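So the structure is just underneath, and the comments pick up after that.
Within every chain, numbering begins at 1; the chains are lettered A, B, ... in the order of the sequence lines, protein sequences first and strands thereafter. Here the structure is a predicted model, which is why all the values come from computation and not from measurement. Quick note: numbers below take in every heavy atom, side chains included, and nothing from hydrogens, waters or symmetry partners.
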Amino acid sequence: MLDPRFVRENQQVVETALKNRGQERDLSGFVALESEKRALQTSLDGLRHERNTVSQQIGKLKKEKKDTTDIQRKMREVGDRIKDLEQTIAEKDEALKALLMEIPNVPHASVPIGADENDNQVCRTVGEPPSFDFEPKNHWDVGEALGILDFERAAKITGARFPLYMGDGARLERALIWFMLELHTTRHGYKEVLPPFMVNSASMTATGQLPKFEEDLFKISGWDYWLVPTAEVPVTNIHAGEIIDEDALPIYYAAYTPCFRSEAGSYGKDTRGLIRQHQFNKVELVKFVAPETSYDELEKLLENAETVLKELGLHYRVVTLCTGDLGFSSAKTYDIEVWMPGQQKYREISSCSNFEDFQARRGNIRARQKGKKGTRLVHTLNGSGLAVGRTLAAILENFQQADGSVAVPEVLRPYMQGKEAITP
RNA sequence: GGAGAGAUGGCCGAGCCGGUCGAAGGCGCUCGCCUGCUAAGCGAGUAGGGGGUGAAAACUCCCUCGAGGGUUCGAAUCCCUCUCUCUCCGCCA
């Protein structure tokens with residue numbers, strides 16, 4: 001959520017931001033409503049002031065055994081006017097809030113302006129694509145041939161877009177989770193967190209999934225609970241409503257969770273394989289930082305995620321998302337795209353974003369500097385470190401061998417009972 | 001699931017026979033004094049959010065004592081609903 005005062009004072013800036021995101025919109029209605037509301041608020045405050053002072057006088061008069069029925073009658077009228085005004089203001093407030101909740105974050109100045117993913121900027125390419133002396137297969141073909149992925153049975157158990165890992169497939173998935181968590185907690189300074197996999201509506205609203213993107217989520221019937229679409233939601237909400245000592249910043253969390261997404265509107269896209277599932281595993285990195293450090297922290301976060309790919313020996317590139325492709329809550333996002341030889345394509349495997357104070361304002365996450373008065377909103381960031389299912393897919397495609405086996409990256413072998421390859 | 005207790009400022013904790021209580025006291029923190037250094041001691045200050053005036057410092061008003069309603073001229077204090085926490089019983093991995 002943007003600061004209503006910022007929107008009021010920088011209407012042009014916000015409108016330009018919306019335009020760059022491909023959502024042209026006139027905000028003068030909002031600004032007018034906002035000033036109307038403030039005017040009403042001022043007169044309400046005046047009435048309340050009158051009531052407060054007169055009520056105190058009544059108390060004193062009563063102590064002196066004086067008659068107060070006339071003043072009380074008058075105050076009852078004032079009370080009615082207060083109630084009316086409160087009602088009106090509450091309505092306007094709600095309308096304002098509803099508008100504000102639907103306005104996305106303002107992109108950072110360094111974000112390239114563009115319409116869609118075709119305007120994203122590749123900022124670096126790391127490593128080389130592997131060469132094969134045979135035709136590399138898709139990961140689902142590799143996995144099904146090895147008996148480690150079974151989409152047919154997953155569909156029987158649940159439905160389309162669910163994974164079923166068997167044997168070394170399940171072990172490799174678990175090894176990746178283990179490896180990523182170890183890397184981030186021991187080398188990158190993150191604290192490990194294992195949060196709830198369901199969250200309430202308040203949490204979903206704080207991080208920006210609600211109210212606008214309800215159709216992307218799975219809801220628990222009969223409860224105000226939702227399945228998490230990413231660990232970003234429970235982990236960012238760890239500090240919702242809190243005031244953090246600035247000395248404690250930056251706070252780094254690493255969390256494994258499964259992620260549940262309805263993938264509404266993606267019919268016919270990536271229908272096969274592990275790329276687009278209703279349920280997938282992810283290790284997420286979340287940061288709470290002082291505002292002036294957040295862009296440095298974004299670069300570090302990105303590096304932390306890249307390290308996973310480097311250690312695994314996977315070829316990838318880093319892309320800066322343009323304004324048109326930027327997520328709702330994000331001010332700046334880097335995507336990491338891993339090379340998938342079976343598909344001859346780069347596929348997103350991580351997304352690292354700086355939300356600035358957008359989520360912190362929705363979730364009321366503040367910090368206090370020692371000895372200083374007041375508080376300020378922290379900046380929040382998060383990034384996948386990495387999407388585990390897609391990483392497993394990348395391993396199957398990049399390290400497949402002519403005989404159908406898949407080489408196990410060296411760093412994973414300790415978690416794979418020393419196995420050098422997965423064989424049929 | 002049944003019975004009971006509770007939720008107050010950064011933390012602990014009074015208040016809860018309605019009125020000068022946004023709130024005693026303590027801890028913590030900040031500034032000053034004191035002091036070979038440190039500790040202790042002494043004094044002052046110290047919740048958050050919003051509005052108005054002001055260049056600013058500041059001043060001033062309103063709201064907030066788990067959340068939401070209600071009673072009242074007036075609610076941390078009384079009533080109702082909800083959420084969460086704790087204790088006992090039952091059940092359960």
Without placing hydrogens or testing angles, list every side-chain donor-acceptor pair under 3.5 Å for residues 256-265 of chain A, not counting sequence neighbours.
from	atom 1	to	atom 2	distance (Å)
A:Tyr256	OH	A:Asn281	OD1	2.7
A:Arg261	NE	A:Pro229	O	2.8
A:Arg261	NH2	A:Pro229	O	3.0
A:Ser262	OG	A:Glu215	O	2.6
A:Ser262	OG	A:Asp216	O	3.3
A:Ser262	OG	A:Ala264	N	3.2
A:Glu263	OE1	A:Arg276	NH1	3.4

If pairing means Watson-Crick or G-U wobble with both distances under 3.5 Å, then the partner of B:A47 is B:U64
Counter-base of B:A14, judged by Watson-Crick or G-U geometry with both distances under 3.5 Å: none
Both distances below 3.5 Å, Watson-Crick or wobble geometry, any strand: find the nucleotide opposite B:G74. none
Integer angstrom distance from the C1' of B:A67 to that of B:C12: 24 Å
Hey, could you give me each pair passing side-chain hydrogen bond (donor to acceptor under 3.5 Å, both in side chains) that has a residue in residues 392-401 of chain A? Not counting sequence neighbours. A:His139-A:Glu397, A:Gln343-A:Glu397, A:Gln401-A:Ser405
Side chain to side chain donor-acceptor pair (under 3.5 Å) partners of A:Thr333, counting only residues at least two apart: A:Ser330, A:Ser353
According to salt bridge (Lys or Arg N to Asp or Glu O under 4.0 Å), does anything in residues 71-80 of chain A pair up with another residue at least two apart or in another chain? List the pairs. A:Asp70-A:Arg73
Under 3.5 Å, is there a donor on one side chain and an acceptor on the other for A:Tyr252 and A:Asn304? no
Sequence neighbours excluded, the answer for side chain to side chain contact (heavy atoms under 4.5 Å, CB included) partners of A:Glu94 is none
What is the distance, to the nearest angstrom, from the CD1 atom on A:Ile71 to the P atom on B:C73? 13 Å
A:Glu86 CD to B:G69 C1', straight-line distance once rounded to whole Å: 12 Å
ring-ring contact (aromatic ring centres under 6.0 Å, His included) partners of A:His379, counting only residues at least two apart: none
Once rounded to the nearest 0.5 Å, what's the spacing between atom NZ of A:Lys37 and atom CG of A:Leu96? 6.5 Å
Can you check the distance between B:C61 and B:G66, where both ends of the measurement are the P atom (answer in whole Å)? 25 Å
P-based separation of B:G25 from B:G18 [nearest Å]: 24 Å
Hunt down the Watson-Crick or G-U wobble partner of B:U83, both distances under 3.5 Å, from any strand shown, or write none. B:A7
Could you work out, with salt bridge (Lys or Arg N to Asp or Glu O under 4.0 Å) as the rule, every residue matching A:Glu15, not counting sequence neighbours? none
Pair A:Thr236-A:Glu232, side-chain donor/acceptor within less than 3.5 Å: no
Could you work out the separation of B:A7 and B:U77 based on their P atoms and round it to a whole Å? 11 Å
Heavy-atom contacts, protein to nucleotides 45-65 of chain B, under 4.0 Å, summarised as B (base), S (sugar-phosphate only) or - (none) per nt, yield --SSSBSS--------SSS--
If you restrict it to nitrogen or oxygen atoms, what contacts under 3.5 Å exist between nucleotides 91-93 of chain B and the protein, and what is each distance?
none

For B:G48 and B:G10, measure between their P atoms and round to the nearest Å. 7 Å
So the ring pair (Phe, Tyr, Trp, His ring centres under 6.0 Å) pairs with at least one residue in residues 201-225 of chain A (sequence neighbours excluded) are A:Phe213-A:Phe328, A:Phe218-A:His278, A:Trp223-A:Tyr225
Distance between P atoms of B:A14 and B:A75 (Å, rounded): 25 Å
Give me the distance, rounded to whole Å, that separates B:G90 from B:G2 when you measure between the P atoms they each carry. 15 Å
Sort out the partner of B:U20 for me: Watson-Crick or G-U wobble, both distances under 3.5 Å, none otherwise. none
Whole-Å distance, A:Asn200 CG to B:U83 P, equals 13 Å
Solution key, residues 98-108 of chain A side-chain donor-acceptor pairs under 3.5 Å, sequence neighbours excluded:
from	atom 1	to	atom 2	distance (Å)
A:Asn105	ND2	A:Ser329	O	3.0
A:Asn105	ND2	A:Phe355	O	3.2
A:His108	ND1	A:Ser110	N	3.2
A:His108	ND1	A:Ser110	OG	2.7

All N/O pairs under 3.5 Å across the protein-nucleotides 16-23 of chain B interface:
from	atom 1	to	atom 2	distance (Å)
B:G19	N2	A:Ser55	O	2.7

Same-atom distance (C1') from B:U46 to B:G22, integer angstrom: 14 Å
